Amino acid sequence: MTGSVAELFFLAFFGLAAIWFGIVVFRTHSMVRSALALLFSQTAIGAMFLVMQAEFLGVLQIMMMATEMSVMALFMVMFMMDPGGMGAMDMSHQKRLSLRAGGVGLLAALAVSWLPDWGPAAINIPSAARQTELLGIELLGRSMFIFESAGLTILTSMIAATMVAIAPRKSGVTHDC
Amino acid sequence: MLGANQGMMSGLRRLIANAMARDLCGFVVPGPDVARAHGLDFAGAGLHLAATPRHANVLVVVGPLPVGLLDAATVAYAQMPRPRAILALGANLIDPLPPADATGPLTQDGLVGALAQLRRVLATEAFSSEVSDFDAPVLQTRIEYTCPMHPEVLSDEPGNCPKCGMTLLPKETSAGGHSGHQPKESTPVHPPPATAEAPAQDTCPMHPEVLSDEPGNCPKCGMTLLPKETSAGGHSGHQPKESTPAAVHAAHNHTVHATAEAPAQYTCPMHPEVLSDEPGKCPKCGMFLVPVEEKAVDHSGHAGHEGHTGGEVIDGIEPHFMSMVDLTRNMPASADGLKMEWIEVPFGPFFPGLAGGLGLSLTLDGDAVAETQVQGAVNEAITAKGMSPAEFIDHFANLSPLSPVASRQLACLALENAAGIAVDNKTATARTATVERERIASHLGWLVNLATQTGLVWMERRAAALQLSVQAASRDQILANAGSLRMFLHRLNKTPLLRTKLASNGRITQGVSLLGPVARAQGLALDARTDDAVYEALGFEVLTQDGGDALARLYQRCDEIGQSLELIARAKGLAVAQIESLDGVSGTGKAVVETPRGAAHLTVELDGGTLANAMYQLPCAAHMELLGDMIKDQEIGDALVAIGSLDLSPWGLPA
Amino acid sequence: MNIVIILLTLAMGVYFIAIVEGWAVHGRISLSRPALSALALFGRESLLVRTPDRLFFEAGPILLLVVGLLAMAVIPLAPGLIITDLATGALFLNAALAYVLVALIMAGWGPNGGYAMIGGWRFLGQFIAYAMLIVMPITAVAMRAESLSTTVIVTSQAQLWNVFYQPIGFVLFVLAAMALAWLPPLDLPNAPGDLAGGFEAEYTGVRLAVLRLARMVIILAMAGAIVTFYLGGWLGPWLPGWLWSIIKMLIVTTAMLTTGRLVPRVREANLLAAGWKLGIPLALANIFLVGVIALVVDI
Amino acid sequence: MIVELSVALSIGAGLFAVGLYGALSQTNLVMIMMGIELILAAALVNLVAFWRYLHPDAMSGQMFVLIVMTVMAVEMAVGFAIAIARFRSRGSVEMEEARELKG
């Protein structure tokens with residue numbers, strides 16, 4: 001039972017950390033801080049995966065988000081008026097609506113997670129090495145089509161995104177509109 | 001020791017102080033190149049050099065510095081962490097710097113002696129329980145408060161902006177007390193920090209220093225770099241140079257509000273024929289109508305400032321919304337079409353790899369150079385009137401510390417021409433050979449800088465050692481050294497990737513009159529030596545390259561080193577030009593000498609044995625003008641290499 | 001016990017790196033200089049720049065050090081001599097090293113200075129160039145070992161070291177490792193010639209000491225990764241396994257620290273072009289070749 | 001009743017709520033993307049929790065997580081591409097100023 005208590009504790013700890021960092025994302029004025037808060041939120045989620053014994057996914061999440069959020073930070077600095085947050089500028093709108101939507105979403109999701117009877121917890125978790133192996137078999141076996149589609153999707157979106165993002169040829173179009 | 005760190009000299013601290021005394025790390029002003037030209041060998045003396053004063057604990061002052069550089073050196077000193085010491089070689093007046101902790105003459109022995117002296121001082125006095133702050137007028141700042149949105153609001157007191165009610169933010173201005181904003185002299189916006197440890201440190205952020213928490217731009221809030229928009233109505237064309245430190249969005253709010261107050265018309269983005277006085281949806285396609293822009297601008301004149309906090313609501317746009325479109329409208333766009341904020345970063349006057357004293361200020365768009373400002377001359381012009389010839393020669397040679405021999409030669413030639421003295425052929429040849437020796441040393445010094453810029457450590461060390469060995473060597477020593485010199489050049493040519501790094505970098509597009517190796521690398525056979533009978537007798541021929549880029553300049557200088565070696569071999573001796581006295585002679589004389597950087601001209605007027613007037617033209621002035629176009633849109637590393645490839649000497653140029 | 005031994009090795013390795021780097025930069029071998037420099041740094045004032053992002057300024061060096069230590073945790077020195085033998089060790093190494101980028105961006109952003117900020121963001125560009133060249137060669141290594149565990153990867157090389165089995169992957173990984181540890185000629189984030197120290201430029205005293213220590217730990221971790229993935233880890237005749245690991249790591253660090261200084265610093269755009277146009281196709285070819293060989297030959 | 005599962009799901013709910021609030025309330029495209037990232041992260045937490053506490057043998061749960069991670073990456077790529085293109089043409093990525101995208 002101690003294992004379960006420890007698991008519960010770490011789950012809650014990292015989970016609350018993730019939520020807290022998630023809130024920081026929208027409360028800080030500095031854009032780099034905002035992006036890095038999101039990174040730490042995602043890292044805490046990765047740690048939650050580790051607590052839930054999904055080792056591969058946890059490490060993967062921690063790894064992927066480092067890059068993703070660093071790029072995010074760069075874009076924040078590029079595209080915001082006040083990336084250092086010195087002006088303490090308010091960058092939000094329709095606050096009340098958003099708060100309400102968030103609150104309703106929270107209540108609904110909480111109700112769904114606590115009300116139903118989820119049945120007994122599974123006991124036998126495959127070991128980390130076995131999980132990785134099983135996941136590989138799953139990916140390259142039954143779910144291969146989905147996996148390959150995902151791969152193609154990401155390739156397509158990479159190419160498309162690059163196409164959209166590169167500078168258009170100058171053909172008398174001014175950028176001053 | 002004035003730069004001691006806070007703390008009692010306890011046992012552990014004694015140990016640390018001893019370690020510090022043995023691990024000296026120097027920051028050289030005006031630069032290692034000038035020091036080497038004076039024959040100083042820091043590596044030989046056991047002094048490591050740091051790229052920034054933050055990582056150094058000794059400020060090495062080499063030779064007398066002009067006032068502007070002394071101020072910059074003071075800032076560098078203030079940026080060094082304590083304990084810090086000053087080592088002055090051949091420099092007596094270093095005000096506003098505190099007095100030197102160790103001094104010596106400007107020779108290698110002087111350096112070694114001064115270092116030993118400094119080690120003793122550091123080992124015993126690195127820590128002190130009473131530490132006073134270092135302060136100098138050049139470090140003073142004054143805090144002003146300004147509104148991030150309304151830069152025109154300036155106040156000496158903290159408070160709220162009278163226009164929009166936002167909290168005013170502090171920004172620093174220099175104590176000079178001008179209220180006009182110059183980008184150089186202020187750092188915006190964060191609240192003043194609580195200095196962390198140790199004695200409060202005056203890290204003056206405001207000067208063209210090798211350090212970077214500097215002038216005028218907060219790289220974080222970047223707002224400093226926004227164009228200044230002056231009036232509510234018209235966008236008055238941006239002037240990036242004059243941007244004020246605090247964020248400048250004076251105009252944009254007004255425009256947005258204007259759309260609300262004016263009876264703006266709304267139209268459908270798809271159906272321009274649909275016009276409406278009310279916001280809403282298009283009757284044809286259901287899209288939101290957008291305000292017609294020109295109308296809004298027309299009316300912005302009377303929009304005024306009232307109602308800033310008022311509650312006018314435009315459909316879809318919240319009150320107080322700051323329009324980014326307006327903010328970015330007049331911002332300069334980079335080559336890739338994105339309008340990004342630019343930061344202005346000083347490079348020099350003590351930047352590693354650039355000529356010592358060369359002050360640049362690059363406006364960077366990302367890490368590409370958008371604009372270049374050269375801070376120009378580092379020393380005052382000499383007033384020749386009334387000087388004796390010997391005095392003038394010394395002054396003129398000191399004017400360009402990177403090539404004093406060629407300057408001396410030039411001064412002597414001009415004076416001899418004025419006095420009508422003829423020099424016998426042997427002496428003339430020997431003098432010429434000395435100039436050629438300096439050319440070798442100077443080109444090697446340039447190679448050291450190139451190596452510093454490109455991170456080729458072996459080349460830096462080797463070239464510096466060769467430069468020091470050639471600089472003051474006799475003819476026989478040089479010829480004995482010629483083999484290793486040629487081998488070095490050979491290895492340099494074989495360095496992988498150096499060719500690709502330099503090729504097609506630093507091309508010159510402008511039609512500026514070029515001089516010296518830069519011109520010859522461009523394929524122009526311009527050389528003052530061609531008209532010189534002495535050189536003709538030595539069998540001199542002009543060498544050229546036709547690349548016109550940094551690589552061609554490298555090859556050109558390597559070839560010239562080889563050529564100079566041959567010239568020295570053909571000449572039978574070395575002699576430095578000198579003139580004893582020219583009593584009672586009057587006359588005018590002109591001379592031209594091909595210095596390592598190009599032809600230098602001098603005209604002197606003698607009046608009764610003293611100088612009446614001297615007019616000179618040193619080679620780098622024309623090249624300075626090349627910088628802006630040459631490095632535009634280049635990545636910083638490339639830009640610095642391109643600047644370096646011109647081998648600029650900022651010394652003795654007209655201000 | 002393992003931890004103590006590994007930390008001791010780490011300390012020795014770091015000192016060795018400091019000596020070699022002093023030799024590479026200043027041209028002379030001094031056994032005492034690194035210790036003196038470290039002591040001197042502790043005695044110096046640790047300045048806070050005028051208007052920093054204090055949180056990032058402080059956190060950057062520490063995160064860098066933590067990342068280096070985490071990466072070391074999955075490097076086996078001998079069978080059983082490893083801090084944690086994770087089932088996903090190779091991926092974990094990767095994940096830890098991704099945070100080098102985060103630490104450098106923090107350290108670059110924190111001091112509020114031009115050089116530092118450019119240095120930090122430059123490393124992001126550099127990361128985009130080398131990141132795939134870390135992941136893809138490791139993939140090929142894991143394919144041969146049929147495991148992500150670092151100890152299994154070492155034992156899989158008993159018959160033939162991976163450096164001979166997949167030389168393309170080895171070359172790519174070494175280059176990527178040098179880029180990751182910002183060793184010359186890939187030292188773009190702190191390039192002394194362009195940026196006067198880059199992200200390091202504003203750090204002094206103890207903070208600078210931590211930053212430099214962290215960097216050395218990262219170099220050592222990368223050398224450990226190269227040895228583990230390609231040079232057969234502890235495998236070798238006559239000597240005990242841990243000694244082999246250490247010898248190999250020291251040789252690799254020396255090579256990494258010295259060879260790069262013979263070529264000029266690479267420009268970021270060229271690095272990106274090389275990484276994506278040449279490196280990634282080669283890495284994919286490497287994966288393909290390894291797959292074919294693994295199916296056909298039984299070694 | 002599995003407490004751990006419910007706790008994990010509640011954390012997912014919290015992340016979802018924060019993300020939703022962010023995505024709705026922010027005016028800047030990049031900030032909105034951050035909100036979406038949080039929402040997707042909430043989904044990840046739920047997927048892993050269900051896999052762990054209900055069906056640890058079925059690897060399709062983990063595979064689904066991988067797919068969602070891919071979706072996150074795709075979302076980033078496409079979002080940034082739109083951001084760059086918009087910034088290039090209009091000088092802004094503020095959603096208030098992108099009303100033609102709302103129609």
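Please read all numbers here as calculations on a predicted model, not as lab measurements.
Under 3.5 Å, the side chains of B:Glu460 and B:Asn449 contain no donor-acceptor pair of N or O atoms.
Taken from CG in B:Leu360 to CG in B:Leu640, the straight-line distance is 8.0 Å, to the nearest 0.5 Å. For the atom pair CG of C:Asp187 and CZ of C:Phe123, the computed distance is 11.0 Å after rounding to the nearest 0.5 Å.
For B:Arg22, the parts lying near chain C are the backbone and the side chain together; criterion is any non-hydrogen pair under 4.5 Å. With a 4.5 angstrom heavy-atom cutoff, C:Ser30 does not touch chain B via any of its atoms. Both the backbone and the side chain of B:Leu456 come within contact range of chain C, judged by heavy atoms closer than 4.5 Å. With a 4.5 Å cut-off on non-hydrogen atoms, B:Ile643 does not touch chain C at all. When heavy atoms are compared at a cutoff of 4.5 Å, B:Ala465 does not approach chain C at all. Looking at B:Arg491, the atoms closer than 4.5 Å to chain C (heavy atoms on both sides) all sit in the side chain, from C-beta outward. Only the side chain of B:Leu364 comes within contact range of chain C, with heavy atoms under 4.5 Å apart. Heavy atoms closer than 4.5 Å to chain B are found in both the backbone and the side chain of C:Leu262.
The side-chain heavy atoms of B:Leu551 and B:Asn505, taken from C-beta on, include no pair separated by under 4.5 Å. Residues C:Leu208 and B:Arg54 have side chains not in contact (no heavy-atom distance under 4.5 Å, counting atoms from C-beta outward). C:Tyr130 has its side chain out of reach of C:Leu175: every pair of non-hydrogen atoms, C-beta onward, lies at least 4.5 Å apart.
With salt bridges taken as basic N to acidic carboxylate O contacts below 4.0 Å, one links C:Asp194 and C:Arg122. A salt bridge does not link C:Arg207 to C:Glu200: none of the charged nitrogens lies less than 4.0 Å from a carboxylate oxygen.
Residues C:Phe127 and C:Trp121 place their aromatic rings such that the two centres sit no closer than 6.0 Å.
Residues passing the salt bridge (charged side-chain N to carboxylate O under 4.0 Å, His left out) test with C:Arg33 are B:Asp23, sequence neighbours excluded.
Heavy-atom pairs under 4.5 Å with chain C were tallied for B:Met20, B:Arg461, B:Met459, B:Glu635; the largest tally goes to B:Arg461. Taking chain C as the reference chain and counting heavy-atom pairs below 4.5 Å, the highest number among B:His55, B:Gln453, B:Arg13, B:Lys501 is found for B:His55.
Residues from residues 18-26 of chain C that place a non-hydrogen atom less than 4.5 Å from a non-hydrogen atom of chain B comprise C:Trp23, C:Ala24, C:Val25, C:His26, given in numerical order.
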